[in-house]
J.: 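Here it is, the structure in full.
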Number of protein chains: 2
Amino acid sequence: MSARHQILEAATRQMAARGADATTLQAIADEVGIRKPSILYHFESKDALRVAVLEDLLARWGEVMPRLFLATSRDGVGRFEAVMAELIGFFTSDPNRARLLVREMMDRPDEMRAYLGRFVQPWLDVVAGQIARDRDAGSTRAEVDPEAYVLTVVCMTLGCLATLEDLGPVLGPDDTHDTPHTRWAAEITRMARVSLFKES
Amino acid sequence: MSARHQILEAATRQMAARGADATTLQAIADEVGIRKPSILYHFESKDALRVAVLEDLLARWGEVMPRLFLATSRDGVGRFEAVMAELIGFFTSDPNRARLLVREMMDRPDEMRAYLGRFVQPWLDVVAGQIARDRDAGSTRAEVDPEAYVLTVVCMTLGCLATLEDLGPVLGPDDTHDTPHTRWAAEITRMARVSLFKES
DNA sequence: CCTACCGATCGGTAGG
DNA sequence: CCTACCGATCGGTAGG
């Protein structure tokens, strides 16, 4: 594995865990097993490294989006379940992803707004547009605010996976689910589903 | 206003905005109009100041909880609306509150777990217990996982208000609501309500 | 990719 | 509540 890639991986983990500002080049160098200035041979500056980490994450999100579009061919409920599974799967496959995005949204809102405009806005428009059509056709609830709904669901997923990760033990014992993770996923999906569709 | 209080107020605002670790004593001193070492006359250390900020916030949450208990005297839907209004009101009355809590949950999960156990767990148990009774009595949905539901709703509220604050402009134009704030609040409340109660 | 080093800034202390 | 100052650590540079 290339040194550049090792640096990127270590930086991703540490920046997600402690935040980009609190992550030091020294700590990344220690993890990779090189000296601090060597990082700046691969990346122009610490900020350039942070941007690389962020764009790497958003690029993977860009890979997932096409799969979400494909799901458009199914019926309403099937499409919903596919999109939700994809959304939750993306963030549970690496818990650091949610934390990193939440941190960056709070630390650099202007920069993140620009990124979200490029990577998330198009997808948001498609999904919200579909919901609006379904709503006008009568298959989803009339009171739904499509844009606010989609953003709330994304935000709910992000927020829960970023913080409730370490908050799982607060939950009482549970027999039905294997991990706190699947228990959250089940409840989030249920809430999103029920609040979108009319009662069958 | 006492100097101590001025320091606490400035620290709260800055720690919520940039995070406790990224907030410097110098910046707080500048805002208050004193010299940096003078802060350490009022607070033993930077960490003691951070703890004071956090406990101040949680104490205010402790003031709100009794009002939530009082709401228990109403019927199901009335009680729900009262609790949701209180929850959202608490965090929208000062947007920094949500950001501060989310940051601390990510930065110091162990410490926050202890605080949540003291301040939020009792309230969680009461609300989840009431939902479980309502569910067994047939007035709320059978599929609801009371504990996961309550935590998800709190987390959804926190996450949305902490990050979507700066994300409001991503939403398209809207005629019904005055501010993006009320639009989020309306959609969050709707999702929480619909996913809890059976269809009337 | 390394050693050696820089100015800036951090939280905190001494002493008044 | 101040001035003066400390050791540690930060991101980054020079030069090889």
Side-chain angles (χ1 to χ4, degrees), chain A residues 1-57 96 99-100 103-104 106-112 115, chain B residues 1-57 96 99-100 103-104 106-112 115:
Chain A
M1 194 164 44
S2 77
R4 192 194 145 91
H5 190 245
Q6 284 185 65
I7 294 170
L8 202 62
E9 212 170 57
T12 300
R13 194 170 333 111
Q14 294 198 27
M15 287 184 175
R18 312 171 207 168
D21 296 325
T23 297
T24 66
L25 296 180
Q26 187 64 63
I28 297 171
D30 288 346
E31 186 177 327
V32 176
I34 56 177
R35 304 290 173 173
K36 184 179 70 170
S38 304
I39 293 178
L40 299 169
Y41 166 79
H42 293 282
F43 297 90
E44 264 198 350
S45 65
K46 185 191 174 184
D47 201 63
L49 174 56
R50 178 188 63 79
V51 169
V53 164
L54 198 56
E55 298 201 334
D56 185 62
L57 170 59
N96 288 335
R99 271 198 278 266
L100 188 64
R103 280 189 192 280
E104 287 298 309
M106 291 195 293
D107 289 343
R108 278 161 283 270
D110 294 334
E111 186 186 324
M112 280 305 283
Y115 277 123
Chain B
M1 192 163 48
S2 77
R4 193 194 145 91
H5 189 245
Q6 283 186 65
I7 294 170
L8 202 62
E9 212 170 56
T12 300
R13 194 169 333 111
Q14 293 197 28
M15 287 183 176
R18 310 169 208 169
D21 297 324
T23 297
T24 67
L25 296 179
Q26 188 63 62
I28 298 171
D30 288 346
E31 185 176 327
V32 176
I34 57 177
R35 304 290 175 174
K36 184 179 69 169
S38 304
I39 293 178
L40 299 170
Y41 166 79
H42 294 283
F43 297 90
E44 263 198 352
S45 65
K46 186 192 174 184
D47 201 64
L49 174 57
R50 179 188 61 80
V51 169
V53 164
L54 197 56
E55 297 201 335
D56 185 63
L57 170 60
N96 288 336
R99 271 197 279 266
L100 188 64
R103 280 189 192 281
E104 287 298 309
M106 291 195 293
D107 289 343
R108 279 163 283 269
D110 294 335
E111 186 186 325
M112 280 305 283
Y115 277 122

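The figures here come from the full heavy-atom set of this structure, side chains too, leaving out hydrogens, waters and symmetry mates. The structure presented is a predicted model; accordingly, all values stated were derived computationally and were not measured. Letters A, B, ... mirror the listed sequences (proteins, then strands); counts begin at 1.
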J.: Would you sketch DNA chain C in dot-bracket for me? Only Watson-Crick or G-U wobble pairs with both distances under 3.5 Å count, crossing pairs as [ ], other-strand pairs as |, the rest as dots.
T.: ||||||||||||||||

J.: Between Ile34(B) and Gln6(B), does a side chain to side chain contact (heavy atoms under 4.5 Å, CB included) hold up when you go through it step by step?
T.: CA-CA 11 Å; Ile34(B) 57 177; Gln6(B) 283 186 65; over 6 Å; no

J.: Run the side-chain contact (heavy atoms from CB on, under 4.5 Å) test against Leu8(A) and tell me which residues pass, sequence neighbours left out.
T.: Phe43(A), Leu49(A), Ala52(A), Val53(A), Asp56(A)

J.: Do Thr23(A) and Ile28(A) make a side-chain contact, defined as non-hydrogen atoms from C-beta onward lying under 4.5 Å apart?
T.: yes

J.: Using the side-chain contact (heavy atoms from CB on, under 4.5 Å) criterion, which residues pair with Asp30(A)? Sequence neighbours excluded.
T.: Gln26(A)

J.: Taking only heavy atoms on the protein side, list every residue of residues 29-48 of chain A lying under 4.0 Å from any atom of DNA chain C, sorted numerically.
T.: Ile34(A), Arg35(A), Pro37(A), Ser38(A), Tyr41(A), His42(A)

J.: Which residue pairs pass the salt bridge (Lys or Arg N to Asp or Glu O under 4.0 Å) test when at least one of the two sits in residues 4-15 of chain B, sequence neighbours left out?
T.: Arg13(B)-Glu31(B)

J.: Could you tell me whether the side chain of Gln14(B) and the main chain of Ala27(B) form a donor-acceptor pair under 3.5 Å?
T.: yes

J.: As a quick check of understanding, evaluate side chain to side chain contact (heavy atoms under 4.5 Å, CB included) for Leu54(A) and Met15(A), giving each step before the final call.
T.: CA-CA 10 Å; Leu54(A) 198 56; Met15(A) 287 184 175; over 6 Å; no

J.: With heavy atoms of chain A within less than 4.0 Å as the criterion, where does contact along DNA chain C begin and end?
T.: dC1(C) to dA4(C)

J.: Are Val32(B) and Ile39(B) close enough that some pair of their side-chain heavy atoms sits under 4.5 Å apart?
T.: no

J.: Give me each pair satisfying salt bridge (Lys or Arg N to Asp or Glu O under 4.0 Å) with a member in residues 16-29 of chain B, each pair once, sequence neighbours excluded.
T.: Asp21(B)-Arg108(B)

J.: Which ones in residues 4-24 of chain B lie close to DNA chain C, meaning a heavy atom under 4.0 Å from one of its atoms?
T.: Thr23(B), Thr24(B)

J.: Nearest 0.5 Å please: distance from the CG atom of Leu57(A) over to the OG1 atom of Thr12(A).
T.: 8.0 Å

J.: List in chain and number order the residues that pass side chain to side chain donor-acceptor pair (under 3.5 Å) with Asp107(B), two or more places apart in sequence or in another chain; answer none if no residue qualifies.
T.: Arg103(A)

J.: Return each pair, listed once, that meets side chain to side chain donor-acceptor pair (under 3.5 Å) where at least one residue sits in residues 32-48 of chain A; pairs must be two or more places apart or across chains.
T.: Asp47(A)-Arg50(A)

